[in-house]
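Okay, structure first, notes after.
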There are 2 protein chains.
Amino acid sequence: MYQLLIMTKKDLHRKRPRTEIPEPTLRRLPRYLHFLQGIWEQGQMNISAPAIARELNYDPTQIVKDLSYTGAVGKPRVGYVTYELIRIIEDFLSLNTKSEAILVGAGNLGSALLSYDNLSGFGIKIIAAFDVAPTKVGTQIGNVSVMHVSRLNELVTRLKVEIGILTTPARIAQEAVDIMVDAKIKAIWNFTPTFLQVPDSVVVQNTSMYANVAILLQRLKELKNKQYGQI
Amino acid sequence: MYQLLIMTKKDLHRKRPRTEIPEPTLRRLPRYLHFLQGIWEQGQMNISAPAIARELNYDPTQIVKDLSYTGAVGKPRVGYVTYELIRIIEDFLSLNTKSEAILVGAGNLGSALLSYDNLSGFGIKIIAAFDVAPTKVGTQIGNVSVMHVSRLNELVTRLKVEIGILTTPARIAQEAVDIMVDAKIKAIWNFTPTFLQVPDSVVVQNTSMYANVAILLQRLKELKNKQYGQI
DNA sequence: TTTTATTAAAGAAAAATATCTTTAATAAAA
DNA sequence: TTTTATTAAAGATATTTTTCTTTAATAAAA
Ligand SMILES: NC(=O)c1ccc[n+]([C@@H]2O[C@H](COP(=O)([O-])OP(=O)(O)OC[C@H]3O[C@@H](n4cnc5c(N)ncnc54)[C@H](O)[C@@H]3O)[C@@H](O)[C@H]2O)c1
Ligand SMILES: NC(=O)c1ccc[n+]([C@@H]2O[C@H](COP(=O)([O-])OP(=O)(O)OC[C@H]3O[C@@H](n4cnc5c(N)ncnc54)[C@H](O)[C@@H]3O)[C@@H](O)[C@H]2O)c1
């Protein structure tokens, strides 16, 4: 897919023209996808943006805009062809080419990810895990072998793995990341609360459950205040 | 648009000043907190917004604005008092009053959360877990007892638990949520990709790892394009 | 003491994102 | 066939969030 690039006056003030997909859109697309897979299994051949909007409680134009990023086109009065839309979103999100990844820190969370059989369902395949604990090294978790961290560099370099998943204790997160970066890992999925220092050539995606708890507790507080008429 | 002369549309919607904390701010505060706890342990008594900004790669005024929501005040040329700031953020995020929660679906992810000893470190204490699998019911995971779902209503009602964590298969997510809502759960932390239907009086916080993978893969793709000068 | 550099805070401006409005396409109903 | 209702798409507007600018406070240096 190739994109038309037109420089607007706005773009002149930017360091580079905008080609990046808005992050909110990227966050919503997987949600649409899951919903679409559901209705497809139920045999629904077509779906309109307003219908999706009603089900997922979004603004209808939001959906149309988001979907237009993927290149999907719909027909007036019919909507989109369900299976086509699924395929287009999957292609757009690179979910069909399973990217190989390694995981460092096979503890509670790491084991959950290793045992999660649907991780490949969204584009990632963990091919090896690394740890230092003698109780972990040498075992298999969810069909993935856990090796000692000292073997990371050799394996990652040889297999040209680009994605690293970080589920170590926060304390040693930076240390583990340095090893990954050294082995030429290009993207890090970080589950620790640590802010990672990496070169510009490496992408970090933080998944902070802390942030989600903060929002949950706050919204709960606001809800209570509203109910007591105190806001 | 003669109304503009008297009162803007914005003002009409806001009879009162905005009380909701912006979600981006809420997402950043836990990150600041983790960083502050780190420097506090290293004995740093004061910290300025620009210093935090350098470490966490944010805009300095962003930090000042975020912190001002919590009520923290800093001194010019000195910054904030580290331990005061930590306490203020913790208070603001309600991390000191541990909220009790129950968990439904003690599988891979559920077990990770039950075994996660630092969950209480950010304000939540899981007091019971529920499942249907005979292999789970009756066991203990991370010092928490796993009971049959049929006992949920009685326990939650009796102990007035307000928070429910959902880690069941996506397929039965709505079913499980209906049971929670019925038991007067007020806030649901949803780890499944399902969009949950709940009454207005219930808050849902979705934690979608899918969304994070989508962003990671996309940014990795963009990075590669940039390096090959193709953007 | 006076000067200087740093900083928080407030406010303005810009950028990003979401929502609303209009238009044209088109399938279904009359 | 003609009419009607629904809808995608494009564009305008509104809102939210981030970044920039100015100001005043103040600790450290001169
Ligand atoms: N468990 C959860 O539900 C949960 C939730 C949110 C965030 N997290 C975060 O995820 C991370 C892991 O949490 P957890 O509960 O799985 O902890 P854990 O202690 O169970 O797992 C950490 C694993 O990392 C391994 N490890 C230690 N040092 C290592 C090293 N130098 N190299 C490689 N591996 C090493 C340990 O042996 C252990 O197996 C933490 O940073 C935590 O904050 C966990
Ligand atoms: N494992 C992960 O790392 C991971 C990552 C992202 C998202 N998720 C999501 O989290 C959810 C759980 O994933 P998982 O890997 O832990 O799955 P899992 O199958 O290991 O766990 C699901 C648990 O729910 C229980 N359960 C089934 N029906 C139930 C019912 N009616 N009432 C109560 N409990 C019931 C099962 O017995 C099982 O113990 C899924 O929706 C998945 O998409 C998991």
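Chain identifiers are assigned alphabetically (A, B, ...) following the order of the sequence lines, protein sequences preceding nucleic acid strands; residue numbering begins at 1 within each chain. Worth saying up front: this structure is predicted, and the values here are computed from it rather than measured.
Taking for each of R28(A) and P76(A) the nucleotide of DNA chain C with the nearest heavy atom, the 5'-most of the two is the partner of R28(A). Take the nearest nucleotide of DNA chain C for A49(B) and for K65(B): the residue whose nucleotide is more 5' is A49(B). A residue-by-residue look at R77(A) and I47(A) shows that R77(A) has its nearest nucleotide of DNA chain D further toward the 5' end.
Backbone-only engagement by K75(A) is indicated by non-hydrogen atom pairs under 4.0 Å involving sugar-phosphate atoms exclusively. Base contact: V64(B) has a heavy atom under 4.0 Å from a base atom. No engagement by R27(A) is indicated, since no non-hydrogen atom pair under 4.0 Å with the nucleic acid exists. Within 4.0 Å of P60(B), counting heavy atoms only, lies no atom of the nucleic acid at all. Within the 4.0 angstrom heavy-atom criterion, only backbone atoms of the sugar-phosphate kind lie near S48(A); the bases stay farther away.
Between the P atom of dA27(C) and the CG atom of N46(A) lies a distance of 11 Å, rounded to the nearest Å. Nucleotide dT7(C) holds its C1' atom 9 Å from the OH atom of Y80(B), rounded to whole Å. Distance, D59(B) CG to dT7(C) P: 14 Å, rounded to whole Å. Put simply, CG on L26(B) is 11 Å from P on dT17(D), counting in whole angstrom units. Distance E23(A) CD to dT16(D) C1': 16 Å, rounded to the nearest Å. Protein atom CG of D66(A) is 13 Å distant from nucleotide atom C1' of dT19(C), rounded to whole Å. Here the P atom of nucleotide dA8(D) and the CG atom of L67(A) are 9 Å apart, to the nearest Å. Atom CD1 in I21(B) sits roughly 11 Å away from atom P in dT17(D) (whole-Å rounding).
For V78(B), counting side-chain heavy atoms from C-beta on, the closest listed nucleotide (dT17(C), dA8(D), dA27(D)) is dA27(D).
Between H34(A) and F122(A), every side-chain heavy-atom pair lies at or beyond the 4.5 Å cut-off. With a 4.5 Å cut-off on side-chain heavy atoms, I102(A) and I185(A) count as touching.
Few gaps surround CG on N96(A); more than 12 heavy atoms of other groups in view lie less than 6.0 Å from it. Counted within 6.0 Å of NZ on K221(B), heavy atoms from surrounding residues, nucleotides or ligands total more than 12; the atom is thus considered enclosed. Counting heavy atoms of neighbouring residues, nucleotides and ligands inside a 6.0 Å radius, atom NZ of K98(A) exceeds 12 of them.
For dT19(C), the OP1/OP2 oxygens have a side-chain nitrogen or oxygen of Q62(A) closer than 4.0 Å.
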(request) Can you run through DNA chain D from 5' to 3' and write each base as (, ), [, ], | or . depending on how it pairs? Watson-Crick or G-U wobble, both distances under 3.5 Å. (result) ||||||||||||||||||||||||||||||

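For E84(A) and R87(A), the salt-bridge test fails: no basic side-chain N is under 4.0 Å from an acidic carboxylate O.
In the model, E90(A) has a side-chain atom that pairs as donor or acceptor with a side-chain atom of Q37(A) under 3.5 Å. There is a side-chain donor-acceptor pair under 3.5 Å between T61(A) and D59(A).
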